[in-house]
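One-based numbering, in listed order, for ligands and for the atoms of each. Index from 1, following the sequence.
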Amino acid sequence: MKVAVYYNNQDVRVEDRPIPQPKSSEILVKTKSCGVCVADTMEWYLTPRAPLTLGHEPAGIIEEVGEEINNFKKGDRVFVHHHVPCLVCEHCRRGNFTMCANYRKTHVQPGGFSEYFIASGEHAAKDTLLLPENVSFEAGTLVEPLACVIHAIRKAGIKAGDSVALIGTGAMGLMFIQCLLYWGVRKLVVYEVLDWRIRKAKEFGAPYVLVPDKDPEKEAARLRDLFHSDGADKVFIAAKDISAMNLGMRLANKGGTVVFFATPKPEESIPLFPSYIFFNEITLTSTYSADHLDTRMALDLIASGDVSADKLISHRYPLENLSDAILQTVSRNESLKCVINF
Ligand SMILES: [Zn+2]
Ligand SMILES: [Zn+2]
């Protein structure tokens, strides 16, 4: 089978390897499609661990099941979540599944950018989902990224009627727009600087799309006028520039919540004013990844059409061109979601 091995964004080599045999508790999946995530392009995060096989947004057909597997069979069309929680550790007991050590260490092997991969019995039991007939393999690759958006929306405690500011409208930002509208948010301001992304945000139904003022204080004043309130009840920062984080901190309503969703570099920092946080009772929070509850909700929203996969997938590549797909994702040049098709 062909397996893509990542060295850096420019250097991805396709190797030939034998197709793995599933053990009695495992599943062998023939990959049909796998999404390229921004996390697959972050060299500072990846190169220290390279060479490695990436791909955590896979969908495919079950090729073989071990004899202990009784909830799936050969031929099933599935999405497999790469991380699964143990469900019994201190973090799982409190519902913080993505903080579970088991969650962090579980992966499909060797990864989604491979013609076949092995999913463990844990994957099969906890977070492998049958794709309904109307959900294509390409659409199935969106389950994981959409689940991350849903994880953030659930953690923020979004309620119908909330006012929301969203910063950044890459593929994740556009999924935020679709989900927030679904969750009953009508007062939604989206901040974006790139022209083509501004167009996309409008296409996806964002009622207000603004280029943020360079001065966060001025922008906060404009938002207060727009919402006739002291700010946005919930703020989602889905852009990894540090200026977006600074802006987001200033947009929250009194009693509001700011969610840090994008991944800055480890050495980047922003100033924090505890007195402002204190007197305005601002909640600062963040979400990492998604759990097995989010993936089910994500698949439902894709199957119902409330989140449109067709509108989100902009580029398709064969496995040999994974480096091109990564560079396209980095370039922000009119690309939303890139997928590798097998
Ligand atoms: Zn991802
Ligand atoms: Zn756990």
Side-chain angles (χ1 to χ4, degrees), residues 4 6 9 31 33-46 49 52-59 79-108 111-114 117 120-123 125-127 129 138-153 168 170-176 179 236-240 259-264 286-295 297-299 302 307 309 312-315 317 322 325-326 328-330 332 335-340:
Y6 176 97
N9 287 357
T31 319
S33 200
C34 185
V36 178
C37 175
V38 171
D40 298 329
T41 74
M42 299 193 301
E43 287 183 316
W44 61 267
Y45 178 62
L46 300 172
R49 292 181 284 139
L52 79 170
T53 295
L54 300 168
H56 59 265
E57 301 173 358
F79 152 81
V80 183
H81 193 195
H82 64 308
H83 288 324
V84 283
C86 75
L87 304 180
V88 294
C89 74
E90 59 162 328
H91 305 300
C92 285
R93 287 202 312 267
R94 299 162 77 209
N96 296 326
F97 302 110
T98 60
M99 298 297 109
C100 167
N102 189 72
Y103 178 95
R104 300 281 175 111
K105 73 167 199 265
T106 42
H107 293 279
V108 296
F113 296 134
S114 167
F117 64 84
S120 71
E122 269 200 288
H123 286 98
K126 294 170 187 166
D127 212 356
L129 307 180
E138 279 189 356
T141 67
L142 293 179
V143 172
E144 195 275 346
L146 180 61
C148 295
V149 168
I150 290 173
H151 194 64
I153 286 178
M172 299 305 262
L174 295 173
M175 285 189 251
F176 263 109
C179 286
F236 294 96
I237 305 168
K240 49 185 164 59
V259 181
F260 290 80
F261 183 80
T263 322
S286 66
T287 55
Y288 159 78
S289 207
D291 62 41
H292 55 292
L293 307 176
D294 307 310
T295 52
M297 227 180 265
L299 180 55
I302 293 167
V307 171
L312 283 160
I313 295 169
S314 60
H315 292 70
Y317 300 84
L322 176 56
I326 289 172
Q328 175 66 36
T329 302
V330 177
R332 301 176 169 191
S335 78
L336 299 176
K337 201 69 191 165
C338 296
V339 296
I340 300 297

(message) If I take the Zn ion (ligand 2) as the centre, what angle separates the SG atom of C100 from the SG atom of C89? Nearest 10 degrees is fine.
(response) 120°
(request) Check the angle between the aromatic planes of F236 and F176 and answer parallel, tilted or perpendicular using the 30° and 60° thresholds. (result) tilted
(request) For the pair K337 (side chain) and G35 (backbone), establish whether a donor and an acceptor sit closer than 3.5 Å, ignoring hydrogens and angles. (result) no
(request) Please step through side chain to side chain contact (heavy atoms under 4.5 Å, CB included) for the pair H81 and E144, ending with a clear verdict. (result) CA-CA 7 Å; H81 193 195; E144 195 275 346; 3.9 Å; yes
(request) Answer with yes or no after comparing the ring centroid distance for F113 and Y6 against a 6.0 Å cut-off, counting only values under it. (result) no
(message) Before moving on, can you tell me the angle at the Zn ion (ligand 1) between the SG atom of C37 and the NE2 atom of H56, to the nearest 10 degrees?
(response) 100°
(message) Report whether any nitrogen, oxygen or sulfur of C86 sits less than 2.8 Å from the Zn ion (ligand 2) (N, O or S, backbone or side chain).
(response) yes
